[in-house]
Number of protein chains: 2
Amino acid sequence: MVKVDLSGAKAFFTGNGPDYSAAEAAHKVLAERSGAGADFLGWPELPAKIRETELDRIVAAAEKIRSRSSVLVVIGIGGSYLGAKGAIEFLRPNPGPGDTRVLFAGNGVNPDYLYDIIGQLADRDFDVNVISKSGTTLEPAVSFRIFRDILSAKYGDEANDHIFATTDAKRGVLKSLADANGWESFVVPDDVGGRYSVFSAVGLLPMAVAGIDVRKVIDCAVKEFKALDERSESNPAWQYAAARQNLYASGKKVELLACFDPKFRWMAEWWKQLYGESEGKDKIGIFPASVEFTADLHSMGQYIQDGERILMETVVRFDECMTFMEVPFVSSNADGLNYLAGRDLGEIGRVIEDAVMEAHISGGVPCMTVSVKKRNEEGLASLVCFFELACGISGYMSGVNPFNQPGVEAYKKNMFRMLGKPGAV
Amino acid sequence: MVKVDLSGAKAFFTGNGPDYSAAEAAHKVLAERSGAGADFLGWPELPAKIRETELDRIVAAAEKIRSRSSVLVVIGIGGSYLGAKGAIEFLRPNPGPGDTRVLFAGNGVNPDYLYDIIGQLADRDFDVNVISKSGTTLEPAVSFRIFRDILSAKYGDEANDHIFATTDAKRGVLKSLADANGWESFVVPDDVGGRYSVFSAVGLLPMAVAGIDVRKVIDCAVKEFKALDERSESNPAWQYAAARQNLYASGKKVELLACFDPKFRWMAEWWKQLYGESEGKDKIGIFPASVEFTADLHSMGQYIQDGERILMETVVRFDECMTFMEVPFVSSNADGLNYLAGRDLGEIGRVIEDAVMEAHISGGVPCMTVSVKKRNEEGLASLVCFFELACGISGYMSGVNPFNQPGVEAYKKNMFRMLGKPGAV
C-alpha cells in the first residue's frame with residue numbers, strides 16, 4: 001500500500017483541515033454503489049475478476065505475440081491507451097533485442113505520426129491489438145482500417161490470426177467484426193469506464209506483450225483493493241482525497257503531480273486523465289498538471305517557487321531505486337563534487353526530493369507525498385489502486401459524478417457534422 | 001512568420017480588449033534594452049551573430065560526430081536541454097539506420113535513467129556534448145563525471161577527442177577543463193539566458209548531429225526576427241502577448257498549449273519553460289500547461305470542456321502535414337467510415353481542429369491559434385522566434401523582469417546544505 005504524508009500541506013489547510021467524515025461518507029457511497037455513476041463501479045473487483053476469467057488467455061496471447069512478432073501495434077485512445085502506455089513506460093520502457101516493441105497508433109489521425117509507425121514496422125512481423133468498446137470511435141477506427149490493409153497485404157488470409165480485439169463482450173461493430181473474422185477477442189467490461197480499465201484486458205494484453213509480469217501485478221492489485229477498503233483516517237485514499245479537496249476549497253486550483261523518476265512521465269498522463277476526466281465537470285475541478293524532476297526544476301521551478309499561488313503539489317516517491325550507481329571520484333576535483341564521491345545517486349536523489357519540497361513549501365506551495373517501495377510490479381499496482389480509489393472518493397466529496405464524461409461529446413458532435421457524417425447534425 | 005488568429009478569444013476579452021499600446025511600449029523597452037533584465041537581450045541578434053561566428057564550426061563538429069559515432073550523449077539541463085530536445089523531436093524524432101541518435105543525460109540524477117542510457121550505448125561508438133555555463137550545476141556535473149569515466153575506459157587517451165563542451169567563452173570550471181584537456185568548445189553567450197539559447201551552440205550542435213539542417217533554421221530565424229520587429233498591431237507577437245494578458249486579467253489563470261501533431265510534444269515543454277520561467281514570479285503569472293490532441297481530448301477533454309473556467313487555450317496549427325495518407329475504402333463499411341474514404345488524413349485533422357475549437361469556445365474557453373505552414377525547419381524558426389519575442393513583450397506587459405529566474409535558487413540552496421556541500425549553509 002502507498003504511504004501518504006500530508007505534513008508538507010498541514011500549514012495550508014483551512015477550516016478544520018481535511019474532512020475525514022466527508023471522505024468516509026464518499027467511500028460508503030462508493031462501496032454501496034448508491035451514488036451517481038454507480039453502474040461504473042466494477043473496477044475495485046476487476047483484478048480479482050480478471051484473474052478468474054481472462055488472465056490466462058491474456059498471458060497466452062501475449063506469449064504467442066512475443067514469440068512471433070517484433071512489434072505489437074495497439075490501436076486505442078484515451079482510457080484504451082494511457083493505462084498500458086503508462087505502465088509500459090514505467091516498467092519496461094526500453095525493449096531488449098529479443099523483446100516485442102509495443103507501438104500505439106489510433107490516438108489521433110495525424111498522418112505524419114502514422115507514417116512513422118508504419119516506417120518502424122518496415123518488414124518486421126507484427127500483430128495488432130485493436131481496443132474499442134464500440135468500434136466506432138473515429139480515431140482508432142481510421143487507424144484500424146489502415147493497419148488492416150497493411151496486415152492483409154503482408155499476411156493474406158493469415159491476417160485474421162494477427163488481430164486481437166479488446167471490445168464489448170456481446171455487441172457493437174468491433175465485436176461483430178471479431179466474431180465474423182475469427183479474431184481472438186477480450187472484454188472491455190460494461191461496469192468499468194475507460195480511465196479505470198488498466199487492469200482489464202485493455203491494459204493487460206499490451207503490458208504482457210511488453211514483458212511485464214501481469215500475474216504479479218494482478219495478485220498485488222487484489223491485495224491492494226482489499227487493504228484500501230479500510231474505513232479509517234489511516235486509509236491513504238481518504239488522506240489524499242480529503243487533503244486535496246481542502247486545499248482546492250482554499251484556492252489551490254492546480255495540482256502538480258511531480259516525480260523524480262523520468263519513467264513516471266506517462267503514468268502522470270494516465271493520472272491526468274483519471275483525475276481531470278473524473279473531477280473536471282459542472283464548472284469545477286482541480287486542474288491536473290505534471291512535472292518531471294529534477295529536469296523541470298530548471299524549467300517550471302521558477303513558477304512553482306514564485307508564480308501565482310494557485311498550486312498544490314503531490315510528489316510520487318520511491319523508497320529505493322532499481323539501480324545502484326555511485327558518483328565517481330575525480331582527483332582534480334575541478335567541479336568541486338568530491339564531497340559526493342562514493343555516494344549512491346539514489347540516496348542523493350532522495351535528499352534532493354526533501355530539499356525541493358522544503359523550498360516549495362516555504363514558497364507557499366502545499367506539498368503532499370505518495371510513496372511506494374520501488375518502481376516495480378508491486379509499486380505499479382499500489383499506485384494504480386490508490387489513485388483510482390482516491391479519485392472516486394475525491395470526486396464524490398466534490399459533489400460531481402466521478403464516473404461520467406459528458407463533456408467529451410461536444411467536439412465529437414461538431415466533428416461528425418463538419419466532416420459530413422451521414423445523419424450528423 | 002506565424003499567423004495569430006484571435007477570433008476564438010474575442011468574446012472573452014474584457015475592457016477595451018488587447019492593449020496594443022502596452023504591447024508597443026513593452027516592445028520598445030525590449031528593443032531599446034531599457035528595462036529590467038536588459039543584460040540578457042542578446043537573443044534577437046543571436047541567429048545573425050551565430051552565422052558569422054560559430055555556425056561553420058558547429059556544422060563541421062556535427063559532421064565529424066555523425067561520421068564516426070552512432071550516439072551523441074548530450075549532458076545539460078533546463079535551457080541546455082529543452083530547446084534541442086524540442087527541435088529534434090519536432091523534426092527528426094526517429095533516426096534512420098545510418099543516423100546518429102541523440103540521447104539526453106544530465107537532466108536529473110536518477111540512476112535508473114542513467115543506467116538505461118548507458119545500456120543503450122552498449123559497445124557503440126559515441127561522443128559527449130556537455131553543456132553548462134559554469135560547469136558546476138549539480139545534475140549535469142554528476143552525469144559528466146560518469147560519462148567521462150565511460151569514455152576513458154573505452155577510448156583511453158583518445159577520450160578527449162570525443163568531448164565537446166558548450167560553455168562560457170572565457171571563465172568557469174567547464175571552460176578551464178576544456179582548455180586544459182583540448183576539448184573542442186562552443187560558446188554559451190553571456191547576454192542570452194538558458195531558455196532563450198536554442199539558436200546558440202547549446203541547441204544547434206545536438207540538432208545538427210540529429211540531422212537537422214541548422215543553416216536553414218538559422219537563415220530563417222534571421223529573417224523572422226527582422227520581420228517581427230514591425231511596430232504595429234499586425235505584429236503577431238503583439239497580438240498574442242496582448243491577448244493573453246487581457247485574458248489573464250479576467251481570471252484565465254492557466255494557458256493550455258495544444259497541438260494536433262504529437263511531434264510538437266517536446267516543443268510544448270520548451271514553451272512551458274520559456275513562459276513559466278519568464279512570467280511566473282512576484283506571485284503572478286499564467287500557469288503554462290500543454291495537451292496533445294486528439295489523444296488528450298479523450299483524457300483532458302472533459303475538464304477543458306466543462307471544468308473550472310480558468311483556462312485559455314492556444315492551438316499551434318500547421319497548414320499542411322508532411323505526409324499524404326488516405327482513409328481506405330472498406331466494402332462492408334461495418335464501422336460506417338466510408339464517408340471518409342479517399343479523404344486525406346491531414347485534411348480530416350484540420351476539420352477536427354476547427355470542430356474542437358468551436359466546442360471549447362462554446363464551453364467557455366477562449367481559443368487563440370498560432371499557425372505556420374509546415375512542420376519543417378522554417379516552421380521551427382518561425383515558432384521559436386515568435387514565442388521568444390512574444391514572451392519578452394508579455395512579461396514586460398505584466399510588470400515582471402522576464403529575463404531572470406531568482407526562484408530557481410531556492411531548492412539548490414537547500415540541496416547543497418542537505419547534501420553537505422563544503423561551505424553551504
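In the text below, chain A, chain B and the rest are named by the order of the sequence lines, each starting its count at 1.
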Heavy-atom cut-off 4.5 Å, strictly under: side chain, backbone, both or neither for A/Phe329 against chain B? backbone

Is it the side chain or the backbone of A/Val351 that comes within 4.5 Å of chain B heavy atoms, both, or neither? both

Using non-hydrogen atoms only, which part of A/Thr137 is less than 4.5 Å away from chain B: side chain, backbone, both, or neither? side chain

Looking at B/Ala295, is its backbone amide N or carbonyl O close enough to the side chain of A/Asn107 to form a donor-acceptor pair, meaning the two atoms are under 3.5 Å apart? no

The interface call for A/Ala289 against chain B, heavy-atom contacts under 4.5 Å, is side chain

Using heavy-atom distances under 4.5 Å, tell me whether A/Lys272 contacts chain B through its side chain, its backbone, both, or neither. both

Per-residue contact mode, B/Tyr339 against chain A (heavy atom under 4.5 angstrom): side chain

Check whether A/Ile310 gets within reach of chain B through its side chain, its backbone, both or neither, counting any heavy atom under 4.5 Å. side chain

Taking atom CZ of A/Phe416 as the centre, report whether more than 12 heavy atoms of other residues, nucleotides or ligands fall under 6.0 Å from it. yes

Let me know if A/Pro93 has heavy atoms under 4.5 Å from chain B in its side chain, its backbone, both or neither. side chain

Assert top hit (heavy-atom pairs under 4.5 Å, partner chain B, pool A/Ala359, A/Gly336, A/Pro262, A/Gly307) equals A/Gly307

What part of B/Asn94 is in contact with chain A, defined as an atom under 4.5 angstrom from a non-hydrogen atom: side chain, backbone, both or neither? side chain

Over 60° means perpendicular and under 30° means parallel, so classify the ring planes of A/Phe287 and B/Phe287, tilted if in between. perpendicular

Between B/Asp296 and B/Ser299, is any side-chain donor less than 3.5 angstrom from a side-chain acceptor? yes

Comparing A/Gly108, A/Ala334, A/Gly349 against chain B, the one with the most heavy-atom pairs below 4.5 Å turns out to be A/Ala334

Which residue out of A/Leu297, A/Val173, A/Ile348, A/Asp149 racks up the most heavy-atom pairs below 4.5 Å with chain B? A/Leu297

The interface call for A/Ile361 against chain B, heavy-atom contacts under 4.5 Å, is neither

Chain B contacts, top residue of A/Lys413, A/Arg343, A/Glu279, A/Arg195 (heavy-atom pairs, under 4.5 Å): A/Arg343

Contacting region of B/Glu139 [heavy-atom separation from chain A under 4.5 Å]: side chain

Is it the side chain or the backbone of A/Phe318 that comes within 4.5 Å of chain B heavy atoms, both, or neither? neither

Where does A/Val356 contact chain B at under 4.5 Å (heavy atoms): side chain, backbone, both or neither? both

Where on A/Gln120 is there a heavy atom nearer than 4.5 Å to chain B: the side chain, the backbone, both, or neither? side chain

Would you say the side-chain atoms of B/Gln302 pair up with the backbone N or O of A/Ser278, donor to acceptor, closer than 3.5 Å? no

Checking heavy atoms, do the side chain of B/Leu174, its backbone, both or neither come under 4.5 Å from chain A? neither

Measuring heavy-atom distances to chain A, does B/Arg148 have an atom under 4.5 Å in its side chain, in its backbone, in both, or in neither? neither

Most heavy-atom pairs under 4.5 angstrom with chain A, which of B/Glu358, B/Met415, B/Glu347, B/Arg417? B/Glu358

Pick one of side chain, backbone, both or neither for A/Ile304, based on which atoms fall under 4.5 Å of a heavy atom in chain B. neither

Could you tell me which portion of A/Ile117 (side chain, backbone, both or neither) has an atom closer than 4.5 angstrom to a non-hydrogen atom of chain B? neither

If we define contacts as heavy-atom pairs under 4.5 Å, which of A/Ile146, A/Asp116, A/Asp306 has the most with chain B? A/Asp306

With a 4.5 angstrom heavy-atom cut-off, could you sort out which part of B/Val330 is near chain A: side chain, backbone, both or neither? both

Tell me, out of A/Gly301, A/Gly96, A/Gly420, who's got the most heavy-atom pairs with chain B below 4.5 Å. A/Gly420

At a 4.5 Å cut-off on heavy atoms, which part of B/Val142 comes close to chain A: side chain, backbone, both, or neither? both

Relative to chain B, which segment of A/Leu274 carries a heavy atom at a distance below 4.5 Å: side chain, backbone, both, or neither? neither

